[in-house]
Novice: 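First the structure, which I've put down as structure tokens, then a few questions once you've had a look.
Proteins come first, then strands; the chains are lettered A, B, ... in the order of their sequence lines, and each starts at number 1. As the structure is a prediction and not an experimental result, all values here were calculated from the model.
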Amino acid sequence: MIVLNIDKKLLAADGEMNLGLNLTLEKGQLITLYGESGAGKTSTLRLLSGLMRPDHGKIIVNGKTWFDSDKKIYLPPQKRNIGFVFQDYALFPNMTVLENLEFALGKGQDKKNVSDLIEIIELGTLQHRKPETLSGGQKQRVALARALAERPDILLLDEPLAALDAKIRLKLQDYIQRTHREFGLTTILISHDIGEIIKLSDHVIFLEKGNIIRQGNPDELFINSNISGKFKFTGEILKIEQQEIVYIATVLIQNSVVKVIVQDSEVQDLHVGNKVVVATKAFNPILYKIEG
Amino acid sequence: MIVLNIDKKLLAADGEMNLGLNLTLEKGQLITLYGESGAGKTSTLRLLSGLMRPDHGKIIVNGKTWFDSDKKIYLPPQKRNIGFVFQDYALFPNMTVLENLEFALGKGQDKKNVSDLIEIIELGTLQHRKPETLSGGQKQRVALARALAERPDILLLDEPLAALDAKIRLKLQDYIQRTHREFGLTTILISHDIGEIIKLSDHVIFLEKGNIIRQGNPDELFINSNISGKFKFTGEILKIEQQEIVYIATVLIQNSVVKVIVQDSEVQDLHVGNKVVVATKAFNPILYKIEG
Amino acid sequence: CNNHGTSEKITIATAANMRYAIEDLVKAFTKETGIQCDLVISSSGTLTAQIKEGAPYDVFISADTKYPNDIFKSGLAKNPPKIYAYGKLVLWTMTENIVPSISILNDDSIDHIAIANPKIAPYGKAAISVLNHYKLLDKIEGKLVYGESISQTNQFILSASAELGFTSLSVVLAPELKEKGTWIELENHLYKPIAQSVVQIAHEKVNANSSKKFYDFLFSKKAKEILKNFGYSVDE
Amino acid sequence: MIDWSPLLLTFELAAVTTIILLVISIPLSAWLANSKSRLKPVIETLVSMPLVLPPTVLGFYFLMAFSPNNAFGEWINEWLGIKLVFSFPGLVVASVLYSLPFMVHPIQCGLSGLPISIKEAAYVMGKSKLTTLFRVQLPNIKPALLTGIVLSFAHTVGEFGVVLMIGGNIPGKTKVASIAIYDEVEALNYGTANVYSMILFAITFCILLAVYLVNGKHLKKLGR
Amino acid sequence: MIDWSPLLLTFELAAVTTIILLVISIPLSAWLANSKSRLKPVIETLVSMPLVLPPTVLGFYFLMAFSPNNAFGEWINEWLGIKLVFSFPGLVVASVLYSLPFMVHPIQCGLSGLPISIKEAAYVMGKSKLTTLFRVQLPNIKPALLTGIVLSFAHTVGEFGVVLMIGGNIPGKTKVASIAIYDEVEALNYGTANVYSMILFAITFCILLAVYLVNGKHLKKLGR
Ligand SMILES: Nc1ncnc2c1ncn2[C@@H]1O[C@H](COP(=O)(O)OP(=O)(O)OP(=O)(O)O)[C@@H](O)[C@H]1O
Ligand SMILES: Nc1ncnc2c1ncn2[C@@H]1O[C@H](COP(=O)(O)OP(=O)(O)OP(=O)(O)O)[C@@H](O)[C@H]1O
Ligand SMILES: [Mg+2]
Ligand SMILES: [Mg+2]
């Protein structure tokens with residue numbers, strides 16, 4: 001369990017901003033921080049990892065005090081078993097991809113972890129290249145793998161998938177989810193992608209100007225009504241066309257496009273670009289196997 | 001009109017990769033480059049802007065030759081009236097936000113552009129700050145505004161919105177679209193977000209391993225090819241149980257679990273872990289809007 | 001120095017102006033006694049400072065009397081400084097169409113005249129006396145350039161950066177330089193005699209016996225002959 | 001009794017030398033930082049070479065080269081009307097050559113450490129290489145510039161061998177503080193030498209400290 | 001006719017000095033690059049101060065300090081059994097102090113130019129400050145290290161005033177090449193001086209050129 005109760009003055013867009021966090025995060029959960037640019041998401045991760053020192057308050061992780069301004073306890077980042085994927089990747093330019101990952105291993109950890117990871121992020125043929133010549137997305141994959149290599153208790157991800165294309169993004173989402181579960185990690189993710197958030201997270205925290213304005217499970221927070229029925233997907237409205245008295249909304253879900261009939265009364269509220277949930281009550285699916 | 005007909009050897013993941021582009025882009029269009037990480041999208045923008053020199057070929061923009069390996073013509077980047085938003089922002093650390101924008105102005109250009117832009121990207125209160133203290137998203141907004149400040153003919157955007165939250169992202173999409181139209185820009189965008197691509201672009205180019213594998217308008221490419229009037233999703237089989245004469249397959253699609261009845265004849269071919277497509281003919285979906 | 005198969009060895013600290021004569025002196029000494037010598041050639045000021053901080057030198061041959069005196073006063077010398085030779089001052093030029101003379105110093109064609117720094121080098125002090133005697137100092141002061149030592153003054157003259165310069169007779173008589181340029185000797189009475197003295201250093205490790213031998217050798221007939229060859233005058 | 005003119009001359013020499021070095025080193029370093037030429041390592045090496053000769057010997061070679069008896073010295077004298085031996089301009093030229101590596105190497109190192117995209121962003125904006133260098137690249141390598149300036153300045157203040165050789169120790173013209181101090185030490189006037197040293201030390205200390213303080217504040221403002 | 005021992009001694013001195021300087025400067029520069037202490041500008045300034053005194057005068061002060069007549073010299077002599085005056089160790093100590101700024105400033109400048117996140121990434125991985133410094137930070141500032149090494153090495157090769165004073169010009173022990181050349185020039189043996197200079201020049205040129213070539217290749221491999 002992570003108990004955060006801290007304050008930190010930041011220099012925000014409009015003068016000083018107080019980042020005030022009072023949070024209890026359950027062990028093993030995948031928590032997402034959501035909020036506008038400049039809300040304090042990155043700063044929250046830095047405070048938790050020890051890279052930024054709170055002005056006052058307490059951080060207690062699994063019963064151990066990491067920070068306590070009263071007792072003058074301040075565990076340095078080295079002592080906090082944390083994996084961190086930085087917004088700017090922060091790969092070590094002097095090391096190849098493989099060396100970056102191997103360097104992250106703790107003492108006595110198995111090098112096999114690393115070769116598994118390299119396979120999973122599909123960078124096998126790049127493993128002896130230096131980060132400088134990699135594309136943005138390749139770099140981001142390396143950064144993610146490196147943070148996982150050290151098998152941390154807590155994984156902090158600062159928009160780890162922002163620069164990735166849909167295919168590799170889905171793959172890495174799966175991988176994050178799998179690692180998160182397999183290793184019993186507590187993961188804190190920063191993401192702007194609502195689909196991704198709903199897919200991955202157990203708990204979402206809304207930050208606004210340094211304050212937590214709402215939190216809860218993603219369904220509660222992002223979907224107005226609680227949807228009954230099992231089958232639901234998040235998507236985005238691409239087009240709304242009027243056809244006689246009804247409207248037809250074209251919705252993008254994953255890579256598929258669905259056309260949904262929308263009533264006149266509902267259409268007022270819907271605009272192109274809106275995120276929506278597509279759900280259904282009656283549904284008779286058929287399976288087709290994918291070859292390959 | 002932009003005519004690109006060039007070759008460039010790149011050091012790709014699996015040895016050398018030839019980036020071979022043979023393209024004609026219409027003036028005033030908004031073109032999106034789409035493709036996997038490492039496909040050569042960023043390199044294409046660098047070749048067009050003159051930051052990377054093609055091995056051979058031609059680049060002709062609005063009748064003017066920018067590059068011609070036979071005639072040994074190579075217009076330097078300074079002479080190409082281009083706006084570029086870099087993947088790593090490339091803001092000037094020594095200048096404030098305002099100074100970054102003002103520096104981008106050409107000779108005799110109006111400073112009013114700059115104040116308009118600052119308002120639009122909502123960084124008014126940040127304008128006297130240095131880039132170092134801005135959040136990732138704030139930086140990206142500044143980079144976008146800076147590229148627009150110089151009123152280029154061609155605007156190159158290397159994933160300009162990747163780090164933004166949904167709200168500001170929508171706003172900036174609108175702004176890109178508006179500027180693109182108002183100034184008659186030819187815009188080339190790199191994006192991984194299909195919704196964004198469909199919303200913004202007139203023309204999409206699919207790159208794979210340095211080659212153009214498909215191009216056309218986004219509807220053609222993303223919608224028609226995927227849709228067959230049916231609703232279908234890819235998923236993964238989690239479990240197959242026998243119930244009397246039928247089998248029930250539990251399939252994971254995104255985050256949802258669906259139970260599908262499978263016939264005896266079909267089950268031979270299906271195993272746990274198989275990728276499958278779940279489709280249906282009769283489907284009455286309902287839309288729920290997501291707040292956020 | 002040369003190899004004579006004996007382990008005895010002394011270190012002789014020598015002022016820059018004695019560098020030509022000392023080599024011949026040491027050769028003759030080693031031939032006579034079999035004692036080898038290491039030479040350390042530097043400015044008198046430097047050598048004095050080093051000796052005071054325990055430099056392993058056995059004999060100090062200075063270009064004047066001031067520095068040996070200082071060492072003696074500090075209790076580092078075995079005996080008071082003793083004059084072994086008097087130096088002579090010459091006016092030297094490398095420029096072909098100049099005939100060195102006192103009168104030419106005031107000529108407009110002469111831009112620079114090199115002298116050793118009168119504050120620290122005896123030959124510089126002597127040169128100033130000569131100029132004062134001819135009442136030239138005020139007129140030509142602007143032309144003077146100062147070498148830190150007699151060696152540096154020589155370099156100003158040899159490179160012809162300074163058209164003329166005052167140096168020691170021992171320099172222009174040195175075998176390497178005999179054919180170079182033209183010079184005149186200045187009359188002895190125009191400056192105070194340049195008395196050069198020597199002291200024997202007293203420190204724990206000193207090679208007392210050998211250094212005494214060298215000290216005595218310096219006043220031998222043989223040594224005086226060598227010194228005379230190099231243009232020094234000696235008490236006889 | 002302290003003669004202030006050597007001290008004034010020293011700081012004048014150090015300031016002039018540092019400014020000229022900046023002017024020369026900026027284009028040279030920029031070329032070195034960008035170049036992929038085969039000549040680059042050779043030039044990099046040559047820049048450091050004046051350092052490996054003892055200063056007085058280097059000074060002697062300069063003396064030979066600058067002497068009006070010599071083709072080069074004569075040429076300078078006739079065409080520019082500058083006499084380089086035993087004159088302040090000569091001191092400046094010699095000091096510049098001698099301290100060149102202290103300015104060039106740090107600036108080059110700073111420039112090549114900047115992310116390439118920053119330079120590229122300016123080029124794409126239509127800014128010339130020159131504008132980019134002065135408005136974007138140099139302002140972002142202030143610590144490197146500072147290192148170059150401090151090393152060159154301090155080194156010129158303490159320079160002695162070269163200056164002595166080429167300058168001829170003429171009071172008020174080429175007799176800088178380092179020579180004055182040396183003179184006093186040689187003359188065994190340790191007291192006066194100490195006073196000179198202390199003054200030289202104190203003034204330079206204040207100058208450099210001020211530079212570092214301003215620099216420190218500047219960085220703090222940046223939030224570093 | 002050439003006596004090689006001064007040349008050998010020179011390169012030995014330059015190599016030993018450079019290595020010791022590296023060992024000292026790395027922690028000092030790392031501290032300076034990180035520190036927000038008020039003392040920082042003072043230390044930065046102090047590091048450069050030995051430069052501002054003429055080398056012979058600095059040598060004179062070292063001579064006084066190291067002399068066994070003095071508390072410090074006596075202490076070193078008694079406790080470590082090292083005699084610093086007129087000995088090779090003394091030359092090394094003096095050269096190290098004198099060339100300190102040429103090593104410290106470039107390394108500090110290189111370290112403070114690295115993006116902070118690289119260091120932070122290593123800390124979060126549980127790597128100590130030391131491991132981070134040696135495995136991550138230093139390997140990424142090779143050009144700065146190179147600048148420091150080249151400047152220190154070349155400067156020590158040419159060093160003369162300090163070495164002459166503290167070393168006493170004892171053949172085979174403290175008579176380095178710079179002094180030997182100086183001697184020959186003083187003796188007006190320009191021929192021999194030229195030969196010595198050429199050899200010193202050529203060897204140093206080759207060493208530095210090799211360093212720059214290796215460095216250039218290395219950078220090319222990185223795709224820069
Ligand atoms: N300077 C370079 N020289 C040689 N090869 C390079 C260079 N820069 C990048 N590459 C290689 O070219 C390929 C294409 O890179 P590019 O940056 O264009 O990819 P991208 O499509 O933008 O990918 P991403 O979506 O990950 O940013 C990659 O395999 C990369 O390693
Ligand atoms: N070192 C710092 N000192 C003071 N203020 C800072 C510092 N770093 C960032 N800030 C400010 O704190 C605020 C929050 O920044 P933070 O990086 O946490 O935002 P964010 O929520 O991650 O935004 P984004 O989505 O754009 O990355 C911003 O206004 C930023 O300017
Ligand atoms: Mg952030
Ligand atoms: Mg890219």
Novice: What part of D:K119 lies closer than 4.5 angstrom to a heavy atom of chain B: side chain, backbone, both or neither?
Specialist: neither
Novice: Could you tell me the separation between the CD atom of B:Q78 and the OG1 atom of D:T131, rounded to the nearest 0.5 Å?
Specialist: 9.0 Å
Novice: For residues D:V124 and B:F84, report the shortest heavy-atom separation together with the two atoms involved.
Specialist: CG1-CB, 3.6 Å
Novice: Take B:F103 and D:K127 through the side chain to side chain contact (heavy atoms under 4.5 Å, CB included) test and state the conclusion after the steps.
Specialist: CA-CA 9 Å; B:F103 182 68; D:K127 304 301 172 187; 3.8 Å; yes
Novice: Go through the atoms of D:T132 and report whether side chain, backbone, both or neither lie under 4.5 Å from a heavy atom of chain B.
Specialist: neither
Novice: For B:N94 and D:R135, what are the C-alpha separation, side-chain angles and deciding distance, and is it a side chain to side chain contact (heavy atoms under 4.5 Å, CB included)?
Specialist: CA-CA 9 Å; B:N94 59 313; D:R135 299 278 315 270; over 6 Å; no
Novice: What do you reckon, is NZ of D:K129 surrounded by more than 12 foreign heavy atoms closer than 6.0 Å?
Specialist: no
Novice: Surrounding CD of D:E12 (heavy atoms of other residues, nucleotides or ligands, distance under 6.0 Å), is the total greater than 12?
Specialist: yes
Novice: Just so I understand: if I count every heavy-atom pair under 4.5 Å between each of D:S128, D:P115, D:A121 and chain B, which residue has the most?
Specialist: D:A121
Novice: When only pairs under 4.5 Å are counted, which of B:V85, B:I82, B:L91, B:L156 shares the most heavy-atom pairs with chain D?
Specialist: B:I82
